[in-house]
Amino acid sequence: RKPVIVQSACGLGRVVLVAFDLDAPPFSTWDGQDAFWARLQKEVAPYIPGGAGKSAVGLKVRRGKLYVAGGATGSITVYDIATKAQVAKFETGSGGFLNDLQVTRGGDVYVTDSFRPTLWHVTKEQVEAGSGAPQALDVSAIPYDEGFNVNGIVRKSSDKLIVVDSNSGKLFRIEPQPYQLEVDRLE
């Protein structure tokens with residue numbers, strides 16, 4: 001059985017409930033079970049509802065926005081956190097799998113594609129405009145094989161990214177420069 005861990009703000013602190021076996025005392029004999037489950041279901045309601053044609057695989061929060069890599073949908077979607085409204089959407093086409101993303105200090109977005117040797121780039125200006133065509137950066141210097149390839153991405157500095165190739169476990173440094181893209185394997 002999987003444990004249940006629930007925490008909630010309470011005054012200046014937090015209350016944490018941990019239940020390891022929901023069918024055993026003291027949890028199974030507790031009179032407050034019904035109220036507990038009702039409140040838990042209310043608190044874990046979807047933040048932004050899903051739907052047909054929507055998928056959320058990679059998420060990042062930056063400057064009041066939620067950035068979503070949409071897996072096989074090929075979509076990169078941006079939401080305003082305060083209003084939950086979609087403020088931007090970008091399409092990369094079919095055949096890929098948008099897995100993870102990184103938002104730079106300058107507001108540009110880089111999204112890994114696990115099936116196509118491409119790193120997708122959306123500029124800060126495109127995000128602010130709410131649309132545009134993402135730039136497909138060629139990362140074919142990274143060997144792509146069957147299955148999931150480039151997956152996780154982190155920002156190393158303002159002009160350097162690091163990605164992991166899930167097939168090989170190798171890390172690659174990417175330096176997106178104007179008019180060129182440098183890819184180096186990290187030893």
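Quick caveat, the model's predicted, so the values are computed rather than measured.
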Quiz item: What are the two closest heavy atoms between Ser55 and Val57, and how far apart are they?
Solution: OG-CG2, 3.8 Å
Quiz item: What is the distance from atom NZ of Lys160 to atom CD of Glu175, rounded to the nearest 0.5 Å?
Solution: 4.5 Å
Self-check item: Linked, directly or transitively: Val61 and Val87 (ILVMFWY side chains, under 4.5 Å)
Solution: no
Self-check item: Smallest separation among heavy atoms of Ala56 and Leu59, with atom names
Solution: CB-CD2, 4.2 Å
Practice problem: Using atom types as modelled and distance alone, determine if a side-chain donor or acceptor of Ser75 lies under 3.5 Å from a backbone N or O of Thr77. | Solution: no
Quiz item: What are the two closest heavy atoms between Tyr79 and Lys54, and how far apart are they?
Solution: OH-NZ, 4.0 Å
Exercise. Starting from the C-alpha separation in whole Å, work towards a yes-or-no answer on side chain to side chain contact (heavy atoms under 4.5 Å, CB included) for Val127 and Val109.
Key: CA-CA 9 Å; Val127 172; Val109 183; 4.1 Å; yes
Quiz item: Cut-off 3.5 Å, side chains only: do Asn99 and Ser114 have a donor facing an acceptor?
Solution: yes
Practice problem: With ring-ring contact (aromatic ring centres under 6.0 Å, His included) as the test, would you mind laying out the steps for Phe115 and Tyr144 before giving the verdict? | Solution: CA-CA 8 Å; Phe115 292 169; Tyr144 268 59; 9.2 Å; no
Exercise. Tell me, with the steps shown, if Asp31 and Gln33 meet side chain to side chain contact (heavy atoms under 4.5 Å, CB included).
Key: CA-CA 6 Å; Asp31 291 340; Gln33 266 193 63; over 6 Å; no
Quiz item: Should Ile142 and Asn149 count as side-chain neighbours, where that means a heavy-atom distance under 4.5 Å?
Solution: no
Quiz item: Tell me, do Ile153 and Tyr110 make a side-chain contact under 4.5 Å, heavy atoms counted?
Solution: yes
Quiz item: Asp113 side chain to Gly96 main-chain N or O, any donor-acceptor pair under 3.5 Å?
Solution: no
Quiz item: Does Val111 share a hydrophobic cluster with Val139, counting links as ILVMFWY side-chain heavy atoms below 4.5 Å and allowing steps through other members?
Solution: no
Exercise. Kindly write out the residues that satisfy side-chain contact (heavy atoms from CB on, under 4.5 Å) with Thr92, not counting sequence neighbours, or none if the list is empty.
Key: Ile76, Leu98, Arg116, Trp120, Pro134
Self-check item: Residue pairs, two or more places apart or on separate chains, that pass salt bridge (charged side-chain N to carboxylate O under 4.0 Å, His left out) and touch residues 85-109
Solution: Lys60-Asp100, Lys89-Glu91
Quiz prompt | Closest non-hydrogen atom pair between Arg62 and Thr104, with its separation | solution = NE-O, 3.5 Å
Quiz item: How close do Phe90 and Gln126 get, heavy atom to heavy atom, and via which atoms?
Solution: CZ-O, 3.5 Å
Quiz prompt | Which residues share a side-chain contact (heavy atoms from CB on, under 4.5 Å) with Ser94, sequence neighbours left out | solution = none
Quiz item: Under a 4.5 Å cut-off applied to non-hydrogen side-chain atoms, are Val78 and Val68 in contact?
Solution: no
Quiz item: Looking at CG of Leu137 and OG1 of Thr118, how far apart are the two atoms once the value is rounded to the nearest 0.5 Å?
Solution: 8.5 Å
Practice problem: From the options Asp165, Ile162, Val154, select the one residue that forms a side-chain contact (heavy atoms from CB on, under 4.5 Å) with Leu171. | Solution: Ile162
Quiz prompt | Gap between atom CG of Leu161 and atom CG of Leu119 - 0.5 Å precision | solution = 6.5 Å
Quiz item: Side chains of Ile174 and Val163: does their closest heavy-atom pair fall under 4.5 Å?
Solution: yes
Practice problem: Verify the neighbour count for atom CD of Glu146: are there more than 12 heavy atoms of other residues, nucleotides or ligands below 6.0 Å? | Solution: no
